[in-house]
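Just below is one structure, and these are the notes that go with it.
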Amino acid sequence: MENCLNTSAFGKNDIRGIFPKEVNSEVFLYAAMGYVKWVLNRFKENGMPKRPEELCFCVCMDARLHSRELKDAVIKGITLYGANVVDIGLAPTPMGYFSEFAKMPNDILKGCKINGALIITASHNPSEYNGLKMTFNKGSLSEADIKEVKAAAQSVYELAKEGRLPITQKGFIEEFNLVETYAEKLLDGFSRCADGLKIVVDSANATAGIVAPNIYREMGAEIVELYSNPDGNFPNHHPNPSDESTLDDIKKAVVENGADFGIAFDGDSDRIGLVDSDGKMVTGDKLLLIYALDLINALKIRGEKPTVVSEVKCSQVLYDTINKEGGNAVMYKTGHGYIKSKMKETGALLAGEMSGHIFFKDRYYGFDDAIYAGMRLVEIVSKNKKENPNFKVQDLLEPFNKVFISNEVRFKCPNEFKQEVLDKLNSKVCDELFNSKIKDIVTLDGLRIIFEDGFALIRKSNTEPVFTMRFEANTKDKCECYQNALVNTVDELVKEISAQSV
């Protein structure tokens with residue numbers, strides 16, 4: 001046994017890395033044990049000490065080929081530490097989140113309650129990746145929490161090395177299929193409103209196919225299914241709807257079938273992608289505006305002003321329109337953990353990211369559930385089509401017609417160079433670089449350089465060795481000017497720093 005556990009995959013929002021170099025059975029075994037130790041410490045700190053055998057956790061996995069091996073390691077780690085497991089098998093990540101709220105039979109729980117969920121998934125990442133998302137007390141672990149779990153995992157690893165793990169007893173393992181319970185709960189909040197709608201649903205051979213198409217059918221829609229069968233090889237396309245290159249099939253299917261729109265899911269069903277009736281991709285900030293305006297209009301009747309949280313990559317049009325129409329728009333860091341914490345802090349009823357993570361606290365639990373987000377979209381489109389049979393999703397996006405917005409630019413950069421690149425870039429940012437007057441620089445998450453007519457953004461990806469960039473301006477030429485200036489400068493800095501490191 002090595003002196004140190006490989007904890008390189010512990011990140012800001014979850015554990016994620018390449019299998020088996022960075023994530024493997026050993027890492028997940030001790031991560032699970034560290035997690036249980038951390039949970040016990042949390043209860044103790046809150047004045048409610050518990051024994052391991054009083055704790056119970058749900059465990060589930062995505063469709064990746066190595067997920068079952070990693071799930072087995074997580075279950076072994078939990079039960080070796082004396083806690084208990086309800087294994088809900090292959091499941092969308094939001095179903096894992098839902099498990100903390102679900103009613104399960106007592107013969108499954110044996111008098112326990114679900115204290116958290118451990119979800120084996122690498123979400124939208126390529127098939128060679130895997131990861132672990134963790135929740136506790138109905139909330140995702142924060143960056144600080146994950147650091148503490150990392151330290152606890154290393155501590156348990158060292159105890160194991162010395163042959164003195166604090167194992168009190170082996171916990172129980174029960175299997176339970178939560179699909180029906182989850183579907184019933186989601187449908188309980190909706191009428192059969194979608195009669196006459198035709199929707200293409202692309203599950204990307206991931207996890208959404210086991211539940212999403214049937215839920216939308218239950219709402220009354222005619223569904224055209226693409227790739228509903230889970231297959232960890234992802235044989236048809238990569239499961240990441242925020243990458244437009246993965247949407248070719250659904251775009252074609254929407255147009256050929258005369259569908260009202262298309263819904264695409266990522267690898268673990270917590271990201272939603274939207275294709276309009278013309279077969280065009282609708283970005284995450286545009287989708288969030290659709291939800292925000294519907295929510296604002298619904299709450300105006302009660303004299304309420306909802307807070308909507310989003311992230312630094314989103315269009316300024318989103319923030320300005322929400323504020324203009326009677327909402328309160330809040331900008332924050334990118335990352336589902338950050339967004340959830342900001343929602344809690346501000347009491348927001350809705351939040352979303354460019355990537356397609358959408359969080360509803362209005363009529364729902366507040367976590368990112370792309371299947372539920374699809375239901376809200378079905379409801380919105382159905383409502384508008386009843387008022388106007390010629391209605392199209394794109395009719396709700398007119399505020400964006402006044403600006404030109406770039407696609408997301410992904411610029412490769414080794415993780416160890418990222419901060420140095422940003423630091424050096426910050427000293428180079430000036431009016432002359434962009435040939436435009438800079439109004440402000442937001443350093444909340446990377447650099448968002450704000451001009452009179454738009455912005456340029458660069459930030460470190462939380463999950464991959466890349467910078468993500470985005471640009472917006474009143475004209476295409478100006479947008480391209482901002483993009484060329486930033487990309488060329490970053491390219492020079494990366495080459496410079498790489499050469500110095502040799």
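If you're wondering where the values come from, they're calculated on a predicted model, not measured in any experiment.
- Counted by atom type alone, Asp266 and Ser123 present one or more donor-acceptor pairs between their side chains at under 3.5 Å.
- The closest donor-acceptor contact from the side chain of Ser269 to the backbone of Ala208 lies under 3.5 Å.
- Tyr338 carries Lys333 over the face of its six-membered ring, with the cationic atom under 6.0 Å from the centre and within 45° of the normal.
- Using modelled atom types, no side-chain atom of Asp368 and backbone atom of Phe359 make a donor-acceptor pair closer than 3.5 Å.
- Gln419 and Lys460 form a side-chain donor-acceptor contact under 3.5 Å, judged by distance and modelled atom types alone.
- There is no side-chain donor-acceptor pair under 3.5 Å between Thr246 and Asp243.
- No donor-acceptor distance shorter than 3.5 angstrom exists from the side chain of Asp278 to the backbone of Lys280, with no hydrogens or angles considered.
- To the nearest 0.5 Å, atom CD of residue Glu26 and atom CG of residue Leu5 are 6.0 Å apart.
- Scanning for ring pair (Phe, Tyr, Trp, His ring centres under 6.0 Å) contacts around Phe471 gives an empty result, with sequence neighbours left out.
- Leu422 is listed as a side-chain neighbour of Ile458, based on a closest heavy-atom distance under 4.5 Å.
- Counted by atom type alone, Asp477 and Thr475 present zero donor-acceptor pairs between their side chains at under 3.5 Å.
- The stretch residues 425-451 participates, sequence neighbours left out, in these ring pair (Phe, Tyr, Trp, His ring centres under 6.0 Å) pairs: Phe434-Phe451, Phe451-Tyr482.
- Asp202 meets the side-chain hydrogen bond (donor to acceptor under 3.5 Å, both in side chains) test with His237; sequence neighbours excluded.
- In the model, Tyr364 has a side-chain atom that pairs as donor or acceptor with a side-chain atom of Asp369 under 3.5 Å.
- Here the side chain of His124 pairs no donor or acceptor atom with the backbone of His238 at under 3.5 angstrom.
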Under 3.5 Å, which donor-acceptor pairs do the side chains of residues 296-304 form with other protein atoms, sequence neighbours left out?
{"from": "Asn297", "atom 1": "ND2", "to": "Leu293", "atom 2": "O", "distance (Å)": "3.1"}
{"from": "Lys300", "atom 1": "NZ", "to": "Glu325", "atom 2": "O", "distance (Å)": "3.2"}
{"from": "Arg302", "atom 1": "NE", "to": "Glu304", "atom 2": "OE2", "distance (Å)": "3.0"}
{"from": "Arg302", "atom 1": "NH2", "to": "Glu304", "atom 2": "OE1", "distance (Å)": "3.4"}

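- Side-chain atoms of Asn236 and Asn205 form a donor-acceptor pair, as typed in the model, at a separation below 3.5 Å.
- No side-chain donor from either of Ser8 and Glu22 sits under 3.5 Å from a side-chain acceptor of the other.
- Side-chain contact of Ser310 with Glu353: a donor-acceptor pair under 3.5 Å is absent, judged by distance alone.
- Evaluation of the ring pair (Phe, Tyr, Trp, His ring centres under 6.0 Å) rule for Tyr291 yields Phe360 as partners, not counting sequence neighbours.
- Checking Ser155 against Lys37 by side-chain atom types alone, a donor-acceptor pair falls below 3.5 Å.
- Between the Asn484 side chain and the Glu480 main chain, a donor and an acceptor come within less than 3.5 Å of each other.
- Salt bridge Arg42/Asp145: present, at least one basic N to carboxylate O contact under 4.0 Å.
- Among residues two or more places apart in sequence or in another chain, the ring pair (Phe, Tyr, Trp, His ring centres under 6.0 Å) test is passed with Phe43 by Phe136.
- Under a 4.0 Å N-O distance rule, the pair Glu387/Lys383 does not qualify as a salt bridge.
- Taking the side chain as every heavy atom from C-beta outward, Lys344 and Lys340 never approach each other to under 4.5 Å.
- If you check the side chains of Asp249 and Tyr227, you find a donor sitting under 3.5 Å from an acceptor.
- Under the 3.5 Å distance criterion, the side-chain polar atoms of Ser498 are matched with a main-chain donor or acceptor of Val494.
- In this structure, a donor-acceptor pair under 3.5 Å is absent between the side chains of Ser142 and Ser341.
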